[in-house]
Amino acid sequence: MLRQVRTPRPIVNASKQAKQASALSRLPTKTLLRSLVLTSIMSNRWALRPSLAVLGCLSETKSKLLNPDRNIFLNKLLRWTVYNHFCAGVDRREVVRSVEGIKNMGYQGVILGYAKEAVLDADEAANNIIPSAAGGQQYGPRCYEMIEEWKNGTLQTLRMLGLGDFLALKLTGAGPISIDAMRAQKPIPEALKKALHEICEEVAKKRSRLWLDAEQQPLQPGLDEWAISLMRRFNRNGKALVYNTIQTYLKNSKANVDRHITLAANEGWAVGIKLVRGAYIEHEIRSLIHETKEDTDRNYDMIVDMLLSQSSGNLPPTALFLATHNATSTEKALSTHRQRVANNQPTAFLECGQVQGMADELSCKLVHNYETSQQGYQLSADKAAAVPRAFKCLVWGSVAECMGYLYRRAIESRGAAERTSHMVDALKQELKRRVFG
């Protein structure tokens, strides 16, 4: 369990049963069994490689036979194995039930995204993306329809969220107009800006938050500029509505964070940062990435410590979300944050989260940390509100629409997955505890 370091004395002692119970004890047995099977596969490279090949094939196939939305048998097989474990559902009824289940387990919120991606086939691309004589592109009606469809799917997702939840937004999902402008590092196109502002306004009314998912390096610098422009407009009154994703495997990530902070401090808006190690390591330019995993880990922890300890000077209001499956980094951050809150020192607003179906032991420990911090200590209202909350991240959509998401998550987590034998052991111990008491 995470060690408490607050100065106030607990008003009640944790029971022996609570101390001895596994952090995984809050998982439903069905979820525990499925997690044991899938984690065992992910931790075995010989089983993982063919599994990735199958997912990759299903995510890219044009065959009706291999399309899970058209092949009933394949649909049921995938739902019973990977889809139901990692995804929220195919419609509002299933998604709401999944979100309620996660919150009933003790999580303080969810991050929800829509898995459907906007893709033009060859004929549509030929008819709707035409090079102009002055350079650049001219776009046909279909490209603008894709922005509208993306916006409507996003707003549909938002309606399934509650107070304090996160709406995950993939800007490449808006189609060619968005992608081309990002790549060229142009301002947000007018049609997309109108959609984004409507989404942000609805998120504010819902009292949820919005985070922008990362992209590959040809697109990320343009996305950073768009994120800053949205923060400049919507992150006001010391509150972060919009969060940008910073990938710390990139060598320039510290400088990127510093730039966000400097602009926010000078212009009077709040910074929202979702910190990840990296989502596109398989496809990035190698020279842009840290040489070793240890370098990335050090960079991640350094940025976290800088934001929590306010070591770079007088920081603007800062909200930090640790999107990581790394227990060591998480525990370091929690320890620093607890000490500063207990000592009435300024710090960032901190929250943590993991992908649904992964890193459940860490996630359950975060839930336990939140509950014991809230219940076991006499805290002021401000300090109680500062206790980091735990979230789970998931997507919704049809089985076929989610295959691309599942494949990317598997690729991104491949290196970590091969080092999760300890998680397999923890799952086995929890299963034994339930069977044999």
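Worth saying up front: this structure is predicted, and the values here are computed from it rather than measured.
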Point-to-point distance, once rounded to the nearest 0.5 Å, from [atom1] of [X] to [atom2] of [Y]:
| X | Y | atom1 | atom2 | result |
| --- | --- | --- | --- | --- |
| Leu241 | Trp269 | CG | CH2 | 13.0 Å |
| Gln310 | Thr347 | CD | OG1 | 6.0 Å |
| Arg236 | Met231 | CZ | CE | 12.5 Å |
| Leu158 | Lys206 | CG | NZ | 6.0 Å |
| Ile177 | Met146 | CD1 | CE | 9.0 Å |
| Ile303 | Leu275 | CD1 | CG | 5.5 Å |

Of all heavy-atom pairs between [X] and [Y], which one has the smallest distance, and what is that distance?
| X | Y | value |
| --- | --- | --- |
| Tyr139 | Pro176 | OH-O, 4.1 Å |
| Ser363 | Met358 | OG-O, 4.2 Å |
| Asn235 | Gly272 | ND2-N, 3.9 Å |
| Thr336 | Ser309 | CG2-OG, 3.7 Å |
| Leu219 | Ile179 | CD2-O, 3.7 Å |
| Pro68 | Ala400 | CD-CB, 3.9 Å |

Do [X] and [Y] meet the criterion of a side-chain donor-acceptor pair at a distance under 3.5 Å?
| X | Y | value |
| --- | --- | --- |
| Tyr300 | Asn326 | no |
| Arg338 | Ser373 | no |
| Asp213 | Thr245 | no |
| Asn152 | Gln156 | no |

Main-chain N/O of [Y] paired to [X] side chain as donor or acceptor, under 3.5 Å:
| X | Y | result |
| --- | --- | --- |
| Gln354 | Ala323 | no |
| His85 | Thr81 | no |
| Thr372 | His368 | yes |
| Ser208 | Gly162 | yes |
| Ser253 | Tyr249 | no |
| Ser178 | Leu171 | yes |
| Arg142 | Glu145 | no |
| Arg340 | Gln345 | no |
| Gln108 | Ala390 | yes |
| Gln247 | Val276 | no |

Worksheet item: With a 4.0 Å cut-off, would you call Lys274 and Glu351 a salt bridge?
Response: no

Worksheet item: Taking NZ, NE, NH1 and NH2 as the nitrogens, is one of them in Lys103 or Asp165 under 4.0 Å from a carboxylate oxygen of the other?
Response: yes

Discussion item. A quick test of your reading: do over 12 heavy atoms of other residues, nucleotides or ligands sit less than 6.0 Å from NZ of Lys332?
Written reply: no

Fill in: Heavy-atom neighbours of Asn104 CG exceed 12 at 6.0 Å
yes

Practice prompt. For Lys392 and Asp360, run salt bridge (Lys or Arg N to Asp or Glu O under 4.0 Å): C-alpha distance rounded to whole Å, both residues' side-chain angles, the deciding distance at 0.1 Å, then the answer.
Written response: CA-CA 9 Å; Lys392 275 294 190 180; Asp360 286 327; 3.0 Å; yes

So do [Y] and [X] actually touch side chain to side chain, heavy atoms under 4.5 Å?
| X | Y | result |
| --- | --- | --- |
| Asn244 | Ile228 | no |
| Val257 | Val271 | no |
| Gln339 | Ser335 | yes |
| Glu291 | Lys251 | yes |
| Leu74 | Asn67 | no |
| Leu112 | Leu167 | no |
| Cys402 | Tyr407 | no |
| Pro346 | Leu315 | no |

Worksheet, complete the sentence: Residues at least two apart in sequence or cross-chain that pass salt bridge (Lys or Arg N to Asp or Glu O under 4.0 Å) with Glu60, listed by chain then number, are none

Discussion item. Restricting to salt bridge (Lys or Arg N to Asp or Glu O under 4.0 Å), what partner residues turn up for Asp305, sequence neighbours left out?
Written reply: none

Item to complete: In sequence, state the C-alpha distance, the side-chain angles, and the governing distance for Lys365 and Thr330, and then conclude on side-chain contact (heavy atoms from CB on, under 4.5 Å).
Response: CA-CA 11 Å; Lys365 285 182 178 179; Thr330 304; over 6 Å; no

Discussion item. Phe234 vs Leu210, test: side-chain contact (heavy atoms from CB on, under 4.5 Å). Steps then yes/no.
Written reply: CA-CA 10 Å; Phe234 292 101; Leu210 173 74; over 6 Å; no

Discussion item. Walk me through whether Tyr83 and Val90 qualify under side-chain contact (heavy atoms from CB on, under 4.5 Å).
Written reply: CA-CA 10 Å; Tyr83 180 90; Val90 300; 3.3 Å; yes

What side-chain donor-acceptor pairs closer than 3.5 Å can you find for residues 190-202, not counting sequence neighbours?
residue, atom, partner, partner atom, Å
His197, ND1, Arg233, NH1, 3.3
Glu198, OE1, Lys151, NZ, 3.1
Glu202, OE2, Lys205, NZ, 3.3

Discussion item. Suppose we screen for ring-ring contact (aromatic ring centres under 6.0 Å, His included). Which residues come up paired with Tyr114, at least two apart in sequence or across chains?
Written reply: Trp396

Worksheet item: Given Met403, which of Leu78, Leu66, Thr61 fulfils the side-chain contact (heavy atoms from CB on, under 4.5 Å) condition?
Response: Leu78

Practice prompt. I would like to know whether Leu161 and Val110 meet side-chain contact (heavy atoms from CB on, under 4.5 Å); could you show each step before the answer?
Written response: CA-CA 8 Å; Leu161 296 177; Val110 298; 3.8 Å; yes

Worksheet item: Looking at residues at least two apart in the chain, or sitting in another chain, which of them share a side chain to side chain donor-acceptor pair (under 3.5 Å) with Thr154?
Response: none

Practice prompt. Any pair with a residue in residues 153-195 that passes ring pair (Phe, Tyr, Trp, His ring centres under 6.0 Å), sequence neighbours left out, goes on the list, sorted by first then second residue, please.
Written response: Phe166-Trp211, Phe166-Tyr243, Phe166-Phe321, Phe166-Phe391

